[in-house]
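What follows is one structure encoded as structure tokens, with my remarks underneath.
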Amino acid sequence: MANERPRYVPAEIEEKWQQRWEQEGVFVSVRRPGRPKLYVLDMFPYPSGAGLHVGHPEGYTATDIVARYKRMRGFDVLHPMGWDAFGLPAEQYAITHGVHPAVTTATNIATFKRQLKRLGFSYDWSRELSTTDENYVRWTQWIFLKLFERGLAYQSETPVNWCPALGTVLANEEVIDGRSERGNHPVIRMPLRQWTLRITAYAERLLSDLEGLDWPETKKKQEDWIGRSEGATVFFPLADRAGHLEIFTTRPDTLLGATYMVLAPEHPLVDEITTEAQQAKVLAYRAEVASRSDMARTALSKTKTGVFTGAYAKNPISGERIPIWIADFVLASYGTGAIMSVPAHDQRDFEFARQFGLPIVEVVSPDGELHDASTWSKAFDGDGINVRSGFLNGKRTPEAKSAMIAYLEEQNLGTRRVNYKLRDWVFSRQRYWGEPIPIYFPVELHPGSSDPRTDAHTIRFDQPIAVHEDELPLRLPDLQDYKPSDDPSGPLARALDWRYFQRDGRWFARETNTMPQWAGSCWYYLRFLDPTNHQQIFSPQAYDDWMPVDLYVGGSEHAVLHLLYARFWHKVLFDMGLVKHKEPFTKLVHQGLILGELEFSTFRGEDGSLVSFEQVDLTDEDAPRLKGSGLPLRREKLTESMIQKVDKKFVLAERPDIVVDARSFKMSKSRGNVVNPDKIIEQYGADALRVYEMFMGPLEAVKPWQTNGVVGVFRFLDRVWNICTQATSTAPALPEDAQRLLHKTIQKVTEDIEGMRFNTAISAMMILVNRLGEIPRIPVDAAEKFALILSPFAPHLAEELWSRLGHRELLAWEPWPEYDPSLVVDDVVELAVQVNGKVRSRVTLKKTATEAEARAAIADDPALRPFTEGKTEKKFLYIPGRIINLVVG
RNA sequence: GCCGAAGUGGCGGAAUGGCAGACGCAGCGGAUUCAAAAUCCGCCGCCCUCUCGGGCGUGUCGGUUCGACUCCGACCUUCGGCACCA
């Protein structure tokens, strides 16, 4: 059809508007007096070599909609973007390809930036930053120095997973059964000098300040992570010798039920107290434990292990002698690394007692009667009434706890105490691509030595010296070889000329560990306030202009670590008077993961026989096995035509006894189900991608991708184009129902954006467009209103329509349309008429109709007759504007 | 094991005490076309019925209510987090 009317071709309009926005600096954040402000922040990405995937634009589109909407509402909006660019992948790539991480990082950032720009996000790019920028590193290091000055950064000897073959320290997750996940090399537990941040000093504030934050279930996760518990410290004197054991317990009320004690194998007192007879066993046990990782120690071991030290302690109340054991279920890093064991009232202690035949004595009874705990099948760890407990007898658990603590304090045998699961934060990495820690140490040359780069020397790690602020940033040396080596001090140790330097005739050595990737992301939201400031980390004015962050959107994988670390730094800066709010992020939202397209698959044994899904053990995702026998199976992809649904299960069409696995997988290169946003944009345009990402479902939900769904959204935008480009000023006014629908849609979209329910906002706009499509000619005014409410979602299309409707100014400057309140409420509505709660008819009634009018309206309804005939009315329910329900019997 | 979230058509989802399945995808039928694409129109939970219509239906079982996807109790399943923290 040779129609002159131009078609909707996104490729022809999107770049044009992106350029116009940039030229006119529409999205450069400026504070204007008298305006409200909004700081909308995305979790900035790690610019990986793979480029953007469709998961990135999900959260970014959501914040962009909010940012654009709020600008139209008269807010001054800060909406920045940057790069979390330090980290392992760039370094790994450098090792295998011989390209400097700075080079790959720059390339990746360029790719990400190009891809983000194609999506038309309204970022203020003039504030762009990368954590790798010298100007940023400088202030990251500056904060480290402040931590150091305050005693919040200290060195410690922490056992780490050291893999000599890989020449690196591994995270706990990277160690499986004492071997490296990559390469299956042996991993040893080795104490290594580490920089550690004293986050535990802030445990209480990190916990209590969560209150009042508009955060989702993440708050709970952080609470659990911090793990506050109340109890008491108790001193148990050693029997037969001087000294005592200090333990922490949350159940001081059970003190008299303690029948033995357990120390962590690493506990410093173990050497002292172990008797000669037990020496060999204890040593052997400790060696065995040392070779196991934390994971193996905790998760995998079901049966308890342990060894008797030969020593005894005395119950501080009863004076009874009780044996002291060591066992690996007691963690050296929690509490005091020692416990009193009350097997009757703690499941772990119970299992251990059973394992080694230790006595189990009831001191808390569920009913106040005496029971024989040695016959129990599990511990009683609930609240009850104390028995066999002297002065505690008859007291209920909460009361008994405080009575015991009072007694302990009075007798100097112990004190009330609060304990946290939260540990101090191991802050050093034996890696190249990170911020150098701005610390150096004096070097002692050995006799005959003159140059530590070649001669024997000792580095005095016990005398750390802060790099002077004026010398920041401390840059990374330009290494050619980033490989970790068998030297756990890391690759920087090989940059001898960087590491060693002379000052006033003395030699010094720099710290060669670097900071973890978390460092840069801990405070980037603050640098966005004032990213080019060379004198200060940010100016107080910039802070007052924009802080706090009003909306922070990112993945829930950062629910604990990043968000806890950032809060910790923020609180330190608060104590320094640099920031004025206790908390940085007022409202937090996690976008849900986007999975790959739904896949069907079946399983075959080695002999090729089909296996029904119920018989498949998927404990290891990538290695399916037959339940029971453990025989390996092969996963085989199916096409939809081979599947049938029977009773809520998918089965093979040809073999209905074979149940098929139907699920969406996380997108991954190896699975080959990654969707590239560039491809989608080429085919359907950025606006369709944006709208589809928001239309998929609730922002927070995990959702599978369906490329077909993009088609539906594209059709919608195409219809919008057709309707709005045909709008004329001479068209008759909209029919009343359409006019009402338009205003209801404005209301719905407004409220849904405020509540971040973008999927329902879009469906409301689709409903409106479907109605408008039935009307031959649309007035310009209606088209304009529609373009305005669509603009946060599909900004390019909206701008194009806006200009075609005769506007020269950018739509981004326009105010958000108001709806007419008189048009959004209907005075006449269709009501459902129920008989005994089932809908049998409908009736059109005024909202203000009285009960009598309602009765009259349905009196002669033939549709109701079959259900009311011969029955008596028991009740007549009429809720104006909602429902009529006739109860008969 | 503990904590949290969620279970609704073939698929994504909507409705949070008042007409279940809006909106979209897929599918089926039609119009247009030489043909196709695109577009437009109609149908589209399951079962019974020629039709009119009726019955059933929101993971399962029970409860509250005139009325329950929605509230309460128990259970099942899936996803996420934590995992010997004394």
| said: Using OP1 and OP2 only, check whether a side-chain N or O of A:T760 sits under 4.0 Å from B:C23. | reply: no
| task | Check whether the ring centres of A:F235 and A:H244 lie less than 6.0 Å apart, and answer yes or no. | result | yes
| field | Given B:C82, B:A22, B:C66, the nucleotide with the shortest approach to the side chain of A:L877 | value | B:C66
| said: B:C56, OP1 or OP2 - any side-chain N/O from A:K838 closer than 4.0 Å? | reply: yes
| task | Scan every strand shown for a Watson-Crick or G-U wobble partner of B:C2, both distances under 3.5 Å, and answer none if you come up empty. | result | B:G81
| Under 3.5 Å on both distances, the Watson-Crick or G-U partner of B:C66 | B:G18
| Closest nucleotide among B:C66, B:U39, B:G54 to the A:D718 side chain | B:U39
| said: Rounding to an integer number of angstrom, what distance separates B:C25 and B:G80 when you compare their C1' atoms? | reply: 27 Å
| message | Is it true that A:E351 and A:Q355 share a donor-acceptor pair across their side chains at a distance under 3.5 Å? | response | no
| Whole-angstrom distance between B:A5 and B:C71, as gauged at atom P | 12 Å
| message | Which nucleotide, if any, forms a Watson-Crick or G-U wobble pair with B:A74, using both distances under 3.5 Å? | response | B:U60
| Roughly how many Å is it from CD in A:Q726 to P in B:U39, rounded to a whole number? | 15 Å
| field | A:R417 versus A:T233, side-chain donor and acceptor atoms under 3.5 Å | value | yes
| Per A:E217 side chain, nearest of listed nucleotides B:G24, B:G4, B:G54 | B:G4
| Does A:N770 put a side-chain nitrogen or oxygen below 4.0 Å from OP1 or OP2 of B:A22? | no
| request: Report the nucleotide, chosen from B:G55, B:C23, B:G18, that has the shortest atom-to-atom distance to any side-chain atom of A:F695. | output: B:C23
| When all nucleic acid strands are considered with a 4.0 Å heavy-atom cut-off, which category describes A:K874: base, sugar-phosphate, or nothing? | nothing
| How close or far is atom P of B:G10 from atom CD of A:E599, stated in whole angstroms? | 21 Å
| note | The residue among A:F714, A:W705, A:F793 that forms ring pair (Phe, Tyr, Trp, His ring centres under 6.0 Å) with A:Y692 is A:W705
| Nucleotide of B:C23, B:C84, B:C3 approaching A:K220 most closely (side-chain heavy atoms) | B:C3
| query | Are A:R715 and B:C40 close enough that a side-chain N or O sits under 4.0 Å from OP1 or OP2? | reply | no
| field | Residue pair A:R882 / A:L831: nearest heavy atoms and the distance that separates them | value | N-CD2, 3.4 Å
| field | Nearest-angstrom distance, C1' atom, B:G10 to B:A26 | value | 7 Å
| said: Quick check on RNA chain B: between A:I767 and A:G227, whose nearest nucleotide comes earlier from the 5' end? | reply: A:I767
| request: Using the closest heavy atom to pick a nucleotide of RNA chain B for each, name whichever of A:R423 or A:V713 lands nearer the 5' end. | output: A:V713
| message | Measuring to OP1 and OP2 of B:C11, would you say a side-chain N or O of A:N708 lies under 4.0 angstrom away? | response | no
| message | Could you tell me how far apart A:Y684 (OH) and B:C25 (C1') are, to the nearest whole angstrom? | response | 12 Å
| task | Would you classify A:F867 as touching base, sugar-phosphate or nothing, given that sugar-phosphate means primed atoms plus P, OP1 and OP2, and contacts are heavy atoms under 4.0 Å? | result | sugar-phosphate
| request: Measure the distance from CE on A:M766 to P on B:C23 and round it to the nearest whole Å. | output: 10 Å
| query | Which of parallel (below 30°), tilted (30 to 60°) and perpendicular (above 60°) describes A:H562 and A:H558? | reply | perpendicular
| What distance, rounded to whole Å, do you find between the two C1' atoms, one in B:C69 and one in B:A22? | 15 Å
| message | Taking the six-membered ring for Trp, are A:F695 and A:F758 closer than 6.0 Å centroid to centroid? | response | no
| task | Calculate the interatomic distance between A:I884 atom CD1 and B:G18 atom P; express it in whole Å. | result | 16 Å
| message | Taking only the C1' atom of each, what is the distance from B:G59 to B:U8 in whole angstrom? | response | 10 Å
| message | With rounding to the closest Å, how many angstrom separate the P atoms on B:U65 and B:G42? | response | 44 Å
| Which nucleotide in the list B:G18, B:A22, B:C11 gets nearest to the side chain of A:L598? | B:C11
| remark: Separation of B:A86 atom P from A:E351 atom CD, nearest Å, is 16 Å
| field | Minimum heavy-atom distance between A:F786 and A:V769, given as atom pair plus value | value | CZ-CG2, 3.4 Å
| field | Whole-Å P distance, B:G54 and B:A15 | value | 28 Å
| note | Answer for the Watson-Crick or wobble partner of B:C28, both distances under 3.5 Å, is B:G42
| remark: Testing B:C82, B:G54, B:G13 for proximity to the side chain of A:R840, the answer is B:G54
| query | Strictly by modelled atom types, are A:S841 and A:D861 linked by a side-chain donor-acceptor pair under 3.5 Å? | reply | yes
| query | Does A:R719 put a side-chain nitrogen or oxygen below 4.0 Å from OP1 or OP2 of B:C23? | reply | no
| message | Counting the atoms with a prime plus P, OP1 and OP2 as sugar-phosphate, which does A:F650 contact under 4.0 Å by heavy atoms, base, sugar-phosphate, or nothing? | response | sugar-phosphate
| request: Using whole Å, report how far CD of A:E774 lies from P of B:C40. | output: 12 Å
| Shortest side-chain distance from A:I339, nucleotide among B:A38, B:A86, B:C3 | B:A86
| Where does B:G9 fall, syn or anti, if syn means a chi angle no more than 90° from 0? | syn
Give each protein N/O atom lying under 3.5 Å from an N/O atom of nucleotides 72-80 of chain B, with the pair distance.
none

| note | To the nearest angstrom, the CZ-C1' distance between A:R771 and B:A22 comes to 17 Å
| Between B:C75 and B:A68, how far is it from one P atom to the other, in whole Å? | 24 Å
| query | Choosing from B:G13, B:C82, B:C3, which nucleotide comes nearest the side chain of A:N759? | reply | B:G13
| request: Tell me what A:E700 touches on the nucleic acid: a base, only sugar-phosphate, or nothing, going by heavy atoms under 4.0 Å. | output: nothing
| said: With a 4.5 Å cut-off on side-chain heavy atoms, are A:E597 and A:N673 touching? | reply: no
| note | Picking from B:G12, B:G55, B:A86, the nucleotide nearest the side-chain atoms of A:P704 would be B:G12
| task | Before accepting this row, confirm whether a basic side-chain N of the pair A:R855/A:E873 lies closer than 4.0 Å to the acidic partner's carboxylate O. | result | yes
